[in-house]
Amino acid sequence: MMRTEGTGKSGYHHGDLRNALIEAATDLARDGGPEAVVLRAAARRVGVSPTAAYRHFTGQGDLLMAVKEQGQRGLAETMERSAGARGGSPSAGEAAEERVRALGAGYIEFALAEPGLFRAAFCRTPEAPDGGHGPGPEEDPSRWMYRSFRLLAEALDGLVATGRMPAGRRPGAEITAWAAVHGLAVLLLDGPLGRLAPEQRDAFTASALATVIRGFTAPERPSATRPAGPAAKDAPEHDVS
């Protein structure tokens, strides 16, 4: 990378320093989670002054937002890779179920492989004095920040489209699925499930994902109706006034 910005050999060519700082901050998150993402520390890793770093980021919150997006990008890419690696299923419905399962497995895979970056991907940025979230780019839905959630929602739409999930069960289902898989990831990282052997961990993950999918795809139970007959027809009316 060409170093020309600023004075001497510590500067970077304009446009490269921002990316270098994001890369350094991402490494900081890998090592120590979101708490380790500090603009001065990133500048020190790159070899520039904090003043040079502040030309590209308004502060820690701005840099942390960039790291969050890097984490979300890694998460989405791992989910997509997991889904793409699964073999073909004999029917569209089975393929739709397998995609949901594979995306969930990819979510867990990323969390375990990149715990610091995973935590950074879902951290809250420092709040500004007015109570709003600290400086940082707006969370544009077209960015990686929302890709993992969209993947999940689209996969659940596939369950409905193939007749695997009743349409009436679809609204809000992505929140249920997300809560289940994210909760499992946190338990595996920071909770009692972190002590499991790899084979036990994999078995728990497979069982949890299977349970979620069974809940989504279970046949709808017929509505209970009051049977018609003499007892019902001749029952006395009660005054409820």
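Nothing here was measured: the structure is a model prediction, and the numbers come from that model.
- Inter-residue side-chain proximity for L63 and V38 is flagged as unmet; no heavy-atom pair is nearer than 4.5 Å.
- With hydrogens and angles ignored, the 3.5 Å screen pairs no side-chain donor or acceptor of R30 with any backbone N or O of L117.
- In this structure, F204 has no ring pair (Phe, Tyr, Trp, His ring centres under 6.0 Å) partners at least two apart in sequence or on a different chain.
- Under the salt bridge (charged side-chain N to carboxylate O under 4.0 Å, His left out) criterion, R73 pairs with E77, not counting sequence neighbours.
- Side-chain heavy atoms closer than 4.5 Å link hydrophobic residues (I, L, V, M, F, W, Y) into clusters, and following such links, even through other members, never connects L28 to M65.
- The side-chain heavy atoms of F118 and Q72, taken from C-beta on, include no pair separated by under 4.5 Å.
- Partners of E35 by salt bridge (charged side-chain N to carboxylate O under 4.0 Å, His left out), not counting sequence neighbours: none found.
- L17 and F57 fall within a single hydrophobic cluster, where Ile, Leu, Val, Met, Phe, Trp and Tyr side chains are chained together by heavy-atom contacts under 4.5 Å.
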Pairs of donor and acceptor atoms involving the side chains of residues 209-217, under 3.5 Å and at least two apart or interchain, shall be tabulated with distances.
from : atom 1 : to   : atom 2 : distance (Å)
T211 : OG1    : S207 : O      : 2.9
T211 : OG1    : R214 : NH2    : 3.2
T217 : OG1    : I213 : O      : 2.8

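- To the nearest 0.5 Å, atoms OG1 (T205) and CD (Q200) are separated by 11.5 Å.
- Taking all atoms of both residues into account, the shortest heavy-atom contact from C123 to L64 is SG-CD2, 3.7 Å.
- The shortest non-hydrogen separation linking S49 to A43 is O-CB, 4.1 Å.
- For the salt bridge (Lys or Arg N to Asp or Glu O under 4.0 Å) condition, the pairs that include at least one residue of residues 168-181, sequence neighbours left out, are D157-R170, R170-E174.
- Rounding to the nearest 0.5 Å places CG of D16 at 9.0 Å from NE2 of H56.
- Connection of V186 to V181 is not established within any shared hydrophobic cluster, with ILVMFWY side chains joined at heavy-atom distances below 4.5 Å, either directly or through further cluster members.
- A distance of 11.0 Å separates CG in L151 from CG in L156, rounded to the nearest 0.5 Å.
- Salt-bridge check for R195 with D190: failed, with every basic side-chain N at 4.0 Å or more from each acidic carboxylate O.
- Using a 4.5 Å cut-off between side-chain heavy atoms of Ile, Leu, Val, Met, Phe, Trp and Tyr, with links allowed through other members, L103 and W178 fall into the same hydrophobic cluster.
- Both L112 and L75 sit in one connected hydrophobic cluster of ILVMFWY residues. Membership requires side-chain heavy atoms under 4.5 Å apart, directly or through other members.
- Closest non-hydrogen pair, L188 versus R201, comes out as CD2-CG, 3.4 Å.
- Interatomic distance, R44 CZ to L39 CG, rounded to the nearest 0.5 Å: 10.5 Å.
- Between A155 and R99, the shortest heavy-atom distance links the atoms CB-CG, 4.3 Å.
- Minimum interatomic distance between F122 and K68 (heavy atoms only, all atoms of both residues): C-NZ, 4.1 Å.
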Item to complete: Start with the C-alpha gap between E109 and R81, add the side-chain angles, then the distance that decides, and say whether salt bridge (charged side-chain N to carboxylate O under 4.0 Å, His left out) holds.
Response: CA-CA 11 Å; E109 177 187 343; R81 186 164 55 249; 5.0 Å; no
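- The closest donor-acceptor contact from the side chain of S82 to the backbone of T78 lies at 3.5 Å or more, if one exists at all.
- Ion pairing between a basic and an acidic side chain is recognised when a charged N comes within 4.0 Å of a carboxylate O; E23 and R45 show no such pairing.
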Practice prompt. Please report the C-alpha distance between D202 and L196 in whole Å, then the side-chain angles of each, then the deciding distance to 0.1 Å, and finally whether the side-chain contact (heavy atoms from CB on, under 4.5 Å) criterion is met.
Written response: CA-CA 9 Å; D202 293 344; L196 294 176; over 6 Å; no
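- Between M165 and A173, the shortest heavy-atom distance links the atoms CE-CB, 4.4 Å.
- Within the 3.5 Å criterion, the main-chain N or O of A111 finds no donor-acceptor partner in the side chain of E114.
- In this structure, M79 and F110 have side chains that are not in contact, with every pair of non-hydrogen atoms separated by 4.5 Å or more.
- Under the side-chain contact (heavy atoms from CB on, under 4.5 Å) criterion, E94 pairs with S89, P90, S91, R164, not counting sequence neighbours.
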